[in-house]
Amino acid sequence: MKVKSRSDRPDNRPQNRKKICLVCAVALLFAASAAAAILLSLHSRAGDTALVYQDGEMIKKIDLSSVSQDYTFDVKTADGGYNTIRVTKGAIGVIDANCPDKICEKMGMVSKTNHPISCLPHKLVIQIQKTGNDTSDDIDAVIQ
């Protein structure tokens, strides 16, 4: 019976190095594609449009991606009510209102389609609508 010495065994190190390199290349490719998908998602989110409705009628359409400087505007009701709306690049929100519960103010700045802002006493609704073919926000509703 002949015992193989270390020098008689085949050297598997080059094969192991190839496997390790292949695994590293696949992992790097996966990480790069995930990073690209995240960046594209963040970039496409800026293409949203805010639609401001009062009493069921659209009164303003705002392209949130073209906002170069923050601004505010007021929406007034026939009975003297008002909502002050703030617009920033990629987001919109009610910052002041004279309604009794102020729920519209508490909703904060909104940038996603699944979070409309509503002020029931003033019959105001602000909805964000996707522009283009981005479907990363395909949620119909959120229950809290």
Side-chain angles (χ1 to χ4, degrees), residues 4 6-144:
K4 287 186 178 181
R6 280 194 159 190
S7 60
D8 293 341
R9 293 184 195 153
D11 191 10
N12 288 334
R13 281 184 276 168
Q15 235 179 356
N16 288 340
R17 283 186 189 151
K18 286 180 183 178
K19 287 179 184 177
I20 290 172
C21 287
L22 182 64
V23 168
C24 288
V26 168
L28 185 63
L29 184 63
F30 178 75
S33 60
I38 290 170
L39 288 174
L40 284 174
S41 173
L42 292 175
H43 176 70
S44 64
R45 200 173 294 284
D48 297 340
T49 301
L51 305 174
V52 181
Y53 296 91
Q54 186 174 35
D55 205 13
E57 183 180 326
M58 185 171 63
I59 59 171
K60 203 163 199 127
K61 187 174 185 176
I62 304 162
D63 181 4
L64 296 176
S65 65
S66 68
V67 175
S68 60
Q69 184 173 326
D70 296 0
Y71 67 93
T72 61
F73 65 93
D74 288 333
V75 175
K76 299 185 185 220
T77 63
D79 62 355
Y82 70 89
N83 293 84
T84 302
I85 299 171
R86 180 175 184 217
V87 180
T88 64
K89 185 168 182 87
I92 189 167
V94 175
I95 59 170
D96 189 27
N98 66 346
C99 55
D101 54 11
K102 306 225 185 255
I103 291 175
C104 53
E105 288 181 44
K106 294 174 187 170
M107 297 179 92
M109 298 298 287
V110 174
S111 62
K112 295 185 179 179
T113 60
N114 57 351
H115 289 257
I117 298 173
S118 60
C119 180
L120 294 181
H122 297 156
K123 299 177 183 169
L124 177 83
V125 175
I126 301 171
Q127 177 67 49
I128 298 194
Q129 178 183 31
K130 289 272 177 219
T131 54
N133 58 4
D134 181 27
T135 58
S136 63
D137 229 5
D138 282 345
I139 300 173
D140 292 334
V142 173
I143 300 174
Q144 295 181 344

(message) On a heavy-atom basis, which atom in Ile117 and which in Met107 lie closest, and how many Å separate them?
(response)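 So the two residues come closest at CA-SD, 3.7 Å.
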With [X], which residues qualify under side-chain contact (heavy atoms from CB on, under 4.5 Å), at least two apart?
X: Ile59; value: Val52, Gln54, Val75
X: Asp55; value: Lys123
X: Ala91; value: Thr88, Met109, Ser111

Quick check for you: to the nearest 0.5 Å, what is the distance between [X] atom [atom1] and [Y] atom [atom2]?
X: Gln127; Y: Ile92; atom1: CD; atom2: CD1; result: 11.0 Å
X: Asp96; Y: Thr72; atom1: CG; atom2: OG1; result: 10.0 Å
X: Asn98; Y: His122; atom1: CG; atom2: NE2; result: 4.5 Å
X: Leu64; Y: Gln129; atom1: CG; atom2: CD; result: 11.0 Å

(message) I'd like to check Asn83 versus Cys104 (side-chain heavy atoms, cut-off strictly below 4.5 Å). Are they in contact?
(response)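 Yes. Closest side-chain heavy atoms under 4.5 Å.
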(request) Run the numbers on Val94 and Cys119 for side-chain contact (heavy atoms from CB on, under 4.5 Å), then give the verdict. (result) CA-CA 9 Å; Val94 175; Cys119 180; over 6 Å; no
(request) Kindly write out the residues that satisfy side chain to side chain donor-acceptor pair (under 3.5 Å) with Tyr71, not counting sequence neighbours, or none if the list is empty. (result) none
(message) Asp101: which residues meet the side chain to side chain donor-acceptor pair (under 3.5 Å) condition with it, sequence neighbours left out?
(response) none
(message) Taking salt bridge (Lys or Arg N to Asp or Glu O under 4.0 Å) as the cut-off, I'd like each qualifying pair that reaches into residues 66-81, sequence neighbours left out, listed once.
(response) Asp70-Arg86
(request) May I ask you to decide if Ser65's main-chain N or O and Lys89's side chain share a donor-acceptor pair within less than 3.5 Å? (result) yes
